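Model, not experiment: these values are computed from the prediction. Reminder, nothing fancy here: chain letters follow the sequence lines and each chain counts from 1.
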2 protein chains.
Amino acid sequence: MVKQFYQAGQLIFLEGERARGIWFVVSGLVRIVKQSSTGRIQTLCALNRGRCFGTCPLFSSEINPATAEALEPTTLAVLPQTAFKEVSRQRPALALILLSVYGQRLAQLAHLSEALGTWSTADRINNCLLTYADYGAANPVVRLTHEELARLSGTVREVVTRHLAQLEKSAIVQAQPRLIEILNLGVLQSTWLCKAATP
Amino acid sequence: MVKQFYQAGQLIFLEGERARGIWFVVSGLVRIVKQSSTGRIQTLCALNRGRCFGTCPLFSSEINPATAEALEPTTLAVLPQTAFKEVSRQRPALALILLSVYGQRLAQLAHLSEALGTWSTADRINNCLLTYADYGAANPVVRLTHEELARLSGTVREVVTRHLAQLEKSAIVQAQPRLIEILNLGVLQSTWLCKAATP
DNA sequence: CCCCTGATGTGATTTAGATCACATCGCTGC
DNA sequence: GCAGCGATGTGATCTAAATCACATCAGGGG
C-alpha cells in the first residue's frame, strides 16, 4: 500500500484511463467528476477521510468511468489492483464489505440522478449544503467555495451566490468566504425531506 | 426461486420499502424510477430479459433506493434475501460477479448524472434512443412511447415529440406509434460520441 | 360504426436559470 | 503600500425548455 500526496486541484486519475487500484482518503478531500465536451462539469460526489474510491472498474470494465481530483491538499493510500486481488482472494469477507460500499454508492448516485432530473436548482443547492456540511461544530459548516458548490449541485456560481444571499436574508445560513455556516438546519431539511425519503 | 408475473404498469417494489430479495427479468421490461414530491419522475434505467435488479440494498441499507415498475407484461424470478445469502456463502465467486454488475451499474448511473447535469435535452433524448434501441433487426428500433422516452431522458413528452419530428425531417429516424426506427445510426452516435467516451 | 382513450402533433406563453459583464473585497507576496 | 488574484456580489440579457391548451389520429370494444 503506497501513500501519495496531491496538491489542491491536482488530478488523481482521468475518466477513460485504465484503473490502477483502489484508493483510500487518508486526509483531505477528493471529488469525483464527469466533464462533458462543452466543458461543463458535474461532480458526482466528494469524499473525505476514510472513504475509498476508484472501485467501479476493479471487477468490470477496468476503465475509470469518471475523473478524480483533489480539492484540498490530500493524502491518499493506493492499493494496486494486483495486490487488491490477492487480498480479496485471501479474505472473502472483503467482497461483502465492498458490496455494501457499492450499494451505498449506487443509492447515492440514484439520489443524485433524481435531484438532477426532477429538482429545482435551489433544492439541489440546499441538498448539497446538507450533504457536505461538517456536523462537528455547534452549527454545521460547509467548507466549499460557491464555485465548488455550484459544480456539486449541477449549476453555476452566480446562481449559488444569489441563492445563498437569499438564504442569508432569511437567516438560514451565515456566509463567509470559503465557509458557510448553517444557522437553521430545520428549514433546510424541511425543504428537501419532503422530496427525498419516504419513511 | 419464485416466478412472478406482472401487468404493464404494475409496481414491483417501492422506494423506501425493505428489500425482499434479488430479481431477475425472465421476460418483459422493467424500469427503475425515482419520483419526486412534485410528481416528476426520473427513470434511472430500463432492464430487459436476463438483467437483474433490486441488488443495492442486499448488503447495506436493506431499503430500496428506488421504485421498480413493469413497463410491459413481465415475468420475473425472485431469489429471496435469505436464500441469496445462503447461495452466496456456498459460492464465493458469486460475489465477484455481483461486484462486476455493481461496477457497471455505477458507471451507468455516473453517465446518467453527467447527462442530466451537463447535456442538453436533445442530446439526452438521442442518447436514450441509442441506449434503449433493439439492435436485432435490420434497422435498430426503440419500442417506447414519447412519454416513456421523456421520463428516461429527464424531460417532458412535448419536447420529445418535437425533437423526434426534427430527427424525422432529417431522415435520421422513422416514427410510428409506440415505435421509433433508427434510419441513420451514425448521425445519432456522432452527436453523443463527442460527449461521452474518451478512447 | 361510433365512442372512448391513449398516443401524438403543434402553437403560444412563461420562466428558471445560464451567460455576460462588471464591481468589490480581502488576502498574499514583494 | 499596492499589485494581483481568487472569491464574491449583482444587474442586464438571453434562451432552452417547461407549461398550457388544444387538435388530431389510431385502435379496440361494444
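- A side-chain contact (heavy atoms from CB on, under 4.5 Å) with B:N126 is found for one member of B:V173, B:I172, B:V187, B:L167 and no other, namely B:L167.
- Side-chain proximity of A:E158 to D:dT10, C:dG11, C:dG17: nearest is D:dT10.
- Rounded to the nearest 0.5 Å, atoms OG1 (B:T55) and CG (B:L79) are 12.0 Å apart.
- Atom pair B:E148:CD and C:dT8:C1' shows a separation of 14 Å (rounding to whole Å applied).
- Of the candidates C:dT8, C:dA18, C:dT10, the closest approach to any side-chain atom of B:H146 belongs to C:dT8.
- Across the protein-nucleic acid pair, A:I41 atom CD1 and C:dA18 atom C1' stand 16 Å apart, rounded to whole Å.
- Look at B:S120 and you won't find any side-chain N or O under 4.0 angstrom from OP1 or OP2 of D:dA16.
- The shortest distance between side-chain heavy atoms of B:Q108 and B:H111 does not fall below 4.5 Å.
- Rounded to whole angstrom, the span from the CH2 atom of A:W119 across to the P atom of C:dA16 amounts to 19 Å.
- Within the structure, every side-chain polar atom (N or O) of A:H163 is placed at least 4.0 Å from both OP1 and OP2 of C:dG17.
- Between the CD atom of A:E72 and the P atom of D:dG6 there is a distance of 18 Å, given to the nearest Å.
- In this structure, CZ on A:R151 lies 12.5 Å from CG on A:L144, to the nearest 0.5 angstrom.
- Comparing atom distances between the B:R178 side chain and each of D:dA17, C:dA7, D:dT10 picks out C:dA7 as nearest.
- For the pair A:N184 and A:A171, the tightest heavy-atom approach, listed with the atom from each and the gap, is CB-O, 4.2 Å.
- Here D:dA18 is the nucleotide among D:dA18, C:dA18, D:dT10 with the atom lying nearest to any side-chain atom of B:T155.
- Atoms CG (A:L164) and P (D:dA7) sit 15 Å apart, rounded to a whole Å.
- Here D:dT10 is the nucleotide among D:dT10, D:dA17, C:dG9 with the atom lying nearest to any side-chain atom of A:R157.
- Taking atom CZ on A:R151 and atom P on C:dG17, their separation rounds to 19 Å, with Å as the unit.
- Candidate nucleotides C:dT19, C:dG17, C:dG11 were compared by shortest atom distance to the side chain of B:R162, and C:dG11 ranks first.
- The side chain of A:T145 lies closest to D:dA7, out of C:dA18, D:dA7, C:dT10.
- Atom C1' of nucleotide C:dT8 and atom CD1 of B:I180 are separated by 11 Å, given to the nearest angstrom.
- D:dA16 atom P lies 14 Å from atom CZ of B:R124, rounded to whole Å.
- Applying the 4.0 Å criterion to OP1 and OP2 of C:dT8, one finds that B:T161 has every side-chain N and O outside that range.
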